[in-house]
Student: 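To start, I am sharing the structure in question, which I have written as structure tokens.
Everything numeric in this text was worked out from a predicted model, so none of it was measured. Each chain gets a letter, A, B and so on, in the order its sequence line appears, and its residues count up from 1.
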There are 2 protein chains.
Amino acid sequence: MPKVGMEPVRRKALVDAAMRVIGDHGSLTVTMSEIAKQAGVSPALAHHYFGSKEQLLIETVRSHLQRLRDNTVMALRAAKTPREKLSAIIRVSFQADQFAPETIAAWLAFYAEAQRSEETRRFLVIYARRLRSNLLANLKALCSGDDAERIAEGAAAMIDGLYIRQSLRSAPISIEASIALTEDYINTLLAPLSRKAAFQKDR
Amino acid sequence: MPKVGMEPVRRKALVDAAMRVIGDHGSLTVTMSEIAKQAGVSPALAHHYFGSKEQLLIETVRSHLQRLRDNTVMALRAAKTPREKLSAIIRVSFQADQFAPETIAAWLAFYAEAQRSEETRRFLVIYARRLRSNLLANLKALCSGDDAERIAEGAAAMIDGLYIRQSLRSAPISIEASIALTEDYINTLLAPLSRKAAFQKDR
DNA sequence: TATTTTTGATTGACTGATCAATCAACAAAA
DNA sequence: TTTTGTTGATTGATCAGTCAATCAAAAATA
């Protein structure tokens, strides 16, 4: 069985397995054994490739955020106008796979972990900044800089808040409703500020 | 030293200690020893009064949510009009002690724990429902039921989102800015719906 | 081509540390 | 003397991390 070039395959398998295990365990308190088992290898191999549990977990966060970023870049590229780009950002945030219970559970676990792990925190800060700056850049085309800052901050908070509320799975809000709520926020705050631009865009 | 009537004193000391330890540890992965030490008693005593670590943690969540509820009830009582009551709810949510880094860290840890502990989840669901229904009841006095539902959902999400974003401690938003953002959201969404009522309230 | 050597992949078994939980014992108050 | 409060010592389980050994492909050599 042992063939050459297994390293990248195993690394990916382990990172994916970690994401799955964290997701349905709902916490970073998972064992290397569980992860390794899920990936179909021995715990020793996980240590062999990642050195430590912490490192594997960090790689897992990194990989997850990377995927989110790729999706966002693609969606932004497909959108033409600033207003469309705002919608694209929102849509990606609530994409089905992002909004799955296990994903949200994992996401939450990462936030908790960030309180202790400086490296995890750094990744999440990058995510938060990116979300904010993507929103900001496109809002600036539709209203004044000050207003854009304020609306970006609010929209980012709303997106993250809808996420965390979803994690409780009581009165779950649908993907569409979450998107609608965020769009409504932006539309309503924007309306009195830039009637011209907003009108131009709305069909 | 042993005097009668220690039980409530010790329980409170342990619950408070747990909150503190969880707060600066930033996670529920804390040991009974740490908590007991912080409370100035032996680990065995913590087990004596709470039976298990899980139970102590659950009591800690309960106590924290209870305090938040008491604050809210008081603030609501002091406010007269529906619009004032909305502001009161927002103000309590971002109160200094609620917004302290350790409190936010603990809060986050509870959310993560809720993925595994049914009882913790129940408490948080109750909190989420209460926030929503407090907002809803007062919004209904200012606009239609459907609009009230929508705005309550959005405001609750924004409050929780501002919280979670705060936990990253990058570009921290001040208490005042968080309140302003949420107030602005409610004002702006309400404005076109009930000019009369909103006007009446705004001085 | 056949044979040997090297190297990467992989694991089972083990170790050391940590921790929740238990328990027997003791001290002071009632 | 009974009850309540309290602890030190211990146990048993869980886990991250290590290590020596194995196996098969690839590379080198004959």
Student: Could you check which of dT10(C), dT22(C), dT6(D) has an atom nearest any side-chain atom of H48(B)?
Tutor: dT6(D)

Student: Anything under 30° is parallel, anything over 60° is perpendicular, the rest tilted; go ahead and classify Y127(A) against W107(A).
Tutor: perpendicular

Student: With a 4.0 Å cut-off on N to O distance, would you call R20(A) and D24(A) a salt bridge?
Tutor: no

Student: Expressed in angstrom and rounded to an integer, what is the separation of K37(B) atom NZ from dT18(C) atom C1'?
Tutor: 15 Å

Student: Given dA20(C), dT22(C), dT18(D), identify the nucleotide with an atom nearest to the side chain of A44(B).
Tutor: dT22(C)

Student: Base, sugar-phosphate, or nothing: which does T31(B) touch, judged by heavy atoms less than 4.0 Å apart?
Tutor: sugar-phosphate

Student: In this structure, how many angstroms lie between the P atom of dA20(C) and the CG atom of L28(B), rounded?
Tutor: 12 Å

Student: Give the rounded distance in Å between these two atoms: OH of Y49(B) and P of dT22(C).
Tutor: 17 Å

Student: Just checking, R11(B) and F50(B): is the charged tip under 6.0 Å from the six-membered ring centre and within 45° of the axis?
Tutor: yes

Student: What does V30(B) touch in the nucleic acid at a heavy-atom separation under 4.0 angstrom: a base, only the sugar-phosphate, or nothing?
Tutor: sugar-phosphate

Student: Ignoring hydrogens and angles, tell me if any N or O in the side chain of K85(A) forms a donor-acceptor pair with the backbone of L135(A) under 3.5 Å.
Tutor: no

Student: Does OP1 or OP2 of dG8(C) have a side-chain N or O of R10(A) closer than 4.0 Å?
Tutor: no

Student: Rounded to the nearest angstrom, tell me the gap between atom NZ in K53(A) and atom P in dT18(C).
Tutor: 15 Å

Student: How long is the line joining CD of E7(B) and P of dT4(D), in whole Å?
Tutor: 10 Å

Student: From CE of M6(B) over to C1' of dT7(D), roughly how many Å is that when rounded to an integer?
Tutor: 16 Å

Student: In this structure, how many angstroms lie between the C1' atom of dA9(D) and the CG atom of L45(B), rounded?
Tutor: 16 Å

Student: If you look at every strand shown and take non-hydrogen atoms under 4.0 Å, does F50(B) touch a base, only sugar-phosphate, or nothing?
Tutor: nothing

Student: CZ of R11(B) versus P of dG5(D): gap in Å, rounded?
Tutor: 11 Å

Student: For E54(A), is the CD atom crowded, meaning more than 12 foreign heavy atoms sit under 6.0 Å from it?
Tutor: no

